[in-house]
Peer 1: 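One structure coming up, written as structure tokens, with questions to follow.
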Amino acid sequence: MIRVHLQRSSVLLVTLFIVLIAVILAQVMLSILRSHSRLSHHQVSRIQAQYAAMAGVVYAYDSLRSGHLSSSDCPEGNSNPKCRVDDNNFPVCIKDKRVKIILCPAGATCAGKTCPVSNNLCIYSTAEYTYN
């Protein structure tokens, strides 16, 4: 009779130990999946911001080409508000990423960068993204 109780209690302990190991492994797997999900979201946001910034450069270039902006709008020192393109007509994909476009005349320093004298105008574009 005592042997039967010992066998049952040892089976119960082994079962509880196996369940405990399974729960710990499940927690580890969920933690890994959660971190991969966050990293994937970060990478997607970063890539979207990069493409939005590139779209901002294309938008500024097109505005210059069509005559809505000209290189004479941006004198030395870049104090003119027209040098910072913040247009309400941006496409939604650009607006969502808070794109800032700065036009910089030759030889001037804008956005911490100096536009080479060999260029007529430099276009700098930045986009913001968040990582939670």
Peer 1: How long is the gap from CG on Leu25 to CD1 on Ile21, to the nearest 0.5 Å?
Peer 2: 7.5 Å

Peer 1: Taking C-beta and beyond as the side chain, do Val28 and Ile32 meet within less than 4.5 Å on heavy atoms?
Peer 2: yes

Peer 1: Does Ser37 reach the main-chain N or O of Leu33 with its side chain, forming a donor-acceptor pair under 3.5 Å?
Peer 2: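 Side chain of Ser37 to backbone of Leu33: no pair is present.
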
Peer 1: Hey, are the side chains of Tyr51 and Met54 touching, using non-hydrogen atoms and a 4.5 Å cut-off?
Peer 2: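 Touching, per the 4.5 Å side-chain cut-off.
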
Peer 1: Taking all non-hydrogen atoms of both residues, which atom of Ala127 and which atom of Ala52 are closest, and how far apart?
Peer 2: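 Residues Ala127 and Ala52, closest heavy atoms: CB-CB, 4.4 Å.
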
Peer 1: Can you find a heavy atom in the side chain of His42 that is under 4.5 Å from one in the side chain of Arg38?
Peer 2: no

Peer 1: Using links of under 4.5 Å between side-chain heavy atoms of ILVMFWY residues, direct or through other members, which residues join Val14 in one cluster?
Peer 2: Ile18

Peer 1: When you measure from the side chain of Ser45 to the backbone N and O of His41, does any donor-acceptor pair fall under 3.5 Å?
Peer 2: yes

